[in-house]
S.K.: 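Quick one: the structure is below, and I'll ask about it shortly.
Each chain gets a letter, A, B and so on, in the order its sequence line appears, and its residues count up from 1.
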There are 2 protein chains.
Amino acid sequence: MTERGRIEAELRAARLRVTGPRVAVLRAVHAHPHAGTDALIDAARADLGEVSKQAVYDVLRALADAGLVRRIEPSGSVARYESRVGDNHHHVVCRTCGAIEDVDCAVSHTPCLTASEDHGYRIDEAEVVYWGTCPACAADSGAA
Amino acid sequence: MTERGRIEAELRAARLRVTGPRVAVLRAVHAHPHAGTDALIDAARADLGEVSKQAVYDVLRALADAGLVRRIEPSGSVARYESRVGDNHHHVVCRTCGAIEDVDCAVSHTPCLTASEDHGYRIDEAEVVYWGTCPACAADSGAA
DNA sequence: CCCTCATCTTGACCGAGTCCAGAAAACTGA
DNA sequence: TCAGTTTTCTGGACTCGGTCAAGATGAGGG
């Protein structure tokens with residue numbers, strides 16, 4: 001089981017104990033990018049049989065703290081997780097159905113990281129969310 | 001009472017009926033930019049005496065729908081409101097204390113509105129949040 | 001193999017925000 | 001000014017994502 005081995009190595013590299021729930025949740029995040037907690041709980045249960053909601057919350061926080069997953073929470077949506085970390089990429093969100101897609105940074109690694117007036121803040125990240133309508137929803141509303 | 005008159009005119013211009021709670025809430029948003037709902041409820045009550053939580057929620061939604069206020073909700077924070085609308089400006093948020101400041105768009109009106117790959121989405125807004133540490137918190141952690 | 005501590009389970013809990021139905025107030029036209 | 005109509009306000013129950021707490025379990029170092 002190569003994939004499982006890779007997941008376990010990932011956990012060990014982050015100095016996290018390798019447990020059933022952690023492997024299952026991390027696999028679920030890899031398999032379902034931008035999924036919400038509920039979907040991840042379902043996916044983890046499909047893998048393991050039974051996992052408590054609490055365990056999944058704990059695991060997700062541990063993984064996020066360790067930098068193995070990234071938590072994103074667009075306005076008006078529940079928290080979502082993705083396993084693509086390290087590269088500074090952004091997201092485009094559909095106002096209608098809430099779908100999310102990755103968008104590579106258009107400018108450079110530090111996109112618009114330079115604010116025109118930073119008020120003395122020490123800025124370490126620029127998060128960009130593009131709001132719009134996804135092709136499917138655009139087609140629906142166009143057809144309606 | 002010039003200020004009150006201006007607020008009332010603003011409401012009328014948006015075709016909203018002028019009521020006590022609306023005036024009070026809109027004044028509160030003007031007076032406390034980036035305040036959360038609780039703070040706005042307090043401010044409105046200081047103005048009017050008594051207003052229900054529900055009324056404030058309704059008013060805020062009505063004002064937001066009418067475009068008189070803008071709702072922003074940074075990750076890990078409650079919803080906040082600001083009265084600066086129409087210009088596409090962004091925000092810088094302190095990771096430590098949650099303070100928010102306005103930041104004018106560095107590039108043009110349509111900042112990084114052009115994503116490198118839009119996945120077919122019809123994009124209408126780019127929302128940028130700069131995460132960092134505010135001067136006060138930087139001083140605190142530096143001193144600690 | 002054992003011990004210790006991180007982790008998992010269960011279940012209660014919290015707080016932001018919403019829904020509902022009735023009461024009250026603000027615009028409208030005469 | 002007054003009745004009619006429509007919108008808004010109140011109060012309270014409710015939903016739902018997420019957290020807290022305490023005890024049981026099991027991973028992994030010695």
Side-chain angles (χ1 to χ4, degrees), chain A residues 4-5 7-29 34-45 47-66 68-69 71-81 98, chain B residues 4-5 7-26 28-29 34-42 44-45 47-66 68-69 71-81 98:
Chain A
R4 190 184 181 90
I7 298 261
E8 293 188 2
E10 220 178 300
L11 287 169
R12 286 181 208 284
R15 307 208 166 284
L16 292 175
R17 289 192 182 172
V18 176
T19 67
R22 291 190 169 173
V23 174
V25 169
L26 191 45
R27 288 221 300 189
V29 176
H34 311 136
T37 313
D38 277 359
L40 293 174
I41 291 176
D42 289 347
R45 286 190 176 150
D47 224 10
L48 275 188
E50 250 326 295
V51 198
S52 70
K53 185 174 84 160
Q54 183 60 34
V56 175
Y57 275 106
D58 285 352
V59 167
L60 284 172
R61 181 157 39 182
L63 295 179
D65 287 349
L68 294 184
V69 304
R71 176 190 176 119
I72 55 183
E73 33 182 314
S75 306
S77 169
V78 299
R80 289 151 185 282
Y81 295 86
Chain B
R4 190 185 180 89
I7 298 261
E8 291 187 3
E10 220 177 301
L11 286 170
R12 285 183 210 285
R15 307 208 166 284
L16 291 175
R17 292 192 177 170
V18 176
T19 67
R22 290 188 169 177
V23 174
V25 169
L26 191 45
V29 176
H34 310 136
T37 314
D38 278 357
L40 294 173
I41 290 176
D42 290 346
R45 285 189 177 152
D47 224 10
L48 276 188
E50 250 326 295
V51 198
S52 71
K53 186 174 82 160
Q54 182 58 37
V56 176
Y57 274 106
D58 284 352
V59 168
L60 285 172
R61 183 159 34 184
L63 295 178
D65 286 350
L68 294 184
V69 304
R71 177 190 176 117
I72 55 182
E73 34 181 314
S75 306
S77 169
V78 299
R80 289 151 184 282
Y81 295 87

S.K.: Checking A:Ser52 now: which residues fulfil side-chain hydrogen bond (donor to acceptor under 3.5 Å, both in side chains) with it, not counting sequence neighbours?
M.R.: none
S.K.: Give, for atom CD1 of B:Ile72 and atom NE2 of B:His34, the distance between the pair rounded to the nearest 0.5 Å.
M.R.: 4.5 Å
S.K.: State, with a plain yes or no, whether a side-chain heavy atom of A:Asp58 is found less than 4.5 Å away from one of A:Arg61.
M.R.: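 Answer yes - side chains close enough.
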S.K.: For a quick check of understanding: with a heavy-atom distance under 4.0 Å over all strands, which category does B:Arg15 fall into, base, sugar-phosphate or nothing?
M.R.: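 Nothing: the residue B:Arg15, judged by heavy atoms under 4.0 Å, touches no strand.
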S.K.: Quick check for you: to the nearest 0.5 Å, what is the distance between B:Leu68 atom CG and B:Glu10 atom CD?
M.R.: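 So the gap between those two atoms works out to 5.5 Å.
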S.K.: Could you give the OH-to-P distance, from A:Tyr57 to D:dA21, as a whole number of Å?
M.R.: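 Result: 18 Å.
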S.K.: Ignoring hydrogens, what is the shortest heavy-atom contact between A:Pro74 and A:Arg80? Give both atom names and the distance.
M.R.: CD-CD, 4.4 Å
S.K.: Touch check for B:Arg80, heavy atoms < 4.0 angstrom, all strands: base, sugar-phosphate only, or nothing?
M.R.: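 It contacts nothing in the nucleic acid.
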S.K.: Specify the angle, to 10°, made by the local axes at the two ends of the helix from C:dC1-D:dG30 to C:dA30-D:dT1 when five pairs are taken at each end.
M.R.: 40°
S.K.: Does the side chain of B:Asp47 come within less than 4.5 Å of B:Val25's, by heavy atoms?
M.R.: no
S.K.: Between protein and nucleotides 3-13 of chain D, what N or O pairs are separated by less than 3.5 Å?
M.R.:
residue, atom, partner, partner atom, Å
D:dT6, O2, B:Arg17, NH1, 3.4
D:dT7, O4', B:Arg17, NH1, 3.3
D:dT8, OP1, B:Arg22, NH1, 3.1
D:dT8, OP1, B:Arg22, NH2, 2.6
D:dT8, O5', B:Arg22, NH2, 3.4
D:dC9, OP1, B:Thr19, OG1, 3.0
D:dT10, OP2, B:Ser52, N, 3.2
D:dT10, OP2, B:Ser52, OG, 3.0

S.K.: Just the endpoints, please: which first and last nucleotides of DNA chain C, 5' to 3', lie under 4.0 Å from a heavy atom of chain A?
M.R.: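 Endpoints of the contacted stretch of DNA chain C: C:dC5 to C:dG11.
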S.K.: Just to verify, what does B:Asp42 make a side-chain hydrogen bond (donor to acceptor under 3.5 Å, both in side chains) with, not counting sequence neighbours?
M.R.: none
S.K.: Between B:Val78 and B:Gly36, which heavy-atom pair has the shortest distance, and what is it?
M.R.: CG2-CA, 4.4 Å
S.K.: Quick one: pull up CG in A:Leu16 and CD in A:Glu8 and give me the separation to the nearest 0.5 Å.
M.R.: 12.5 Å
S.K.: Take the protein atom CD1 of A:Ile41 and the nucleotide atom C1' of D:dG17, then report the distance between them rounded to whole Å.
M.R.: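 Those two atoms, CD1 and C1', are 10 Å apart.
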S.K.: So do the side chains of A:Leu40 and A:Val29 get within less than 4.5 Å of each other, counting heavy atoms only?
M.R.: yes
S.K.: Map B:Thr37 and B:Arg12 onto DNA chain C by nearest heavy atom, then report which one ends up closer to the 5' terminus.
M.R.: B:Thr37
S.K.: Return the set of residues passing side-chain hydrogen bond (donor to acceptor under 3.5 Å, both in side chains) with B:Arg45 (not counting sequence neighbours), or none when no residue passes.
M.R.: none
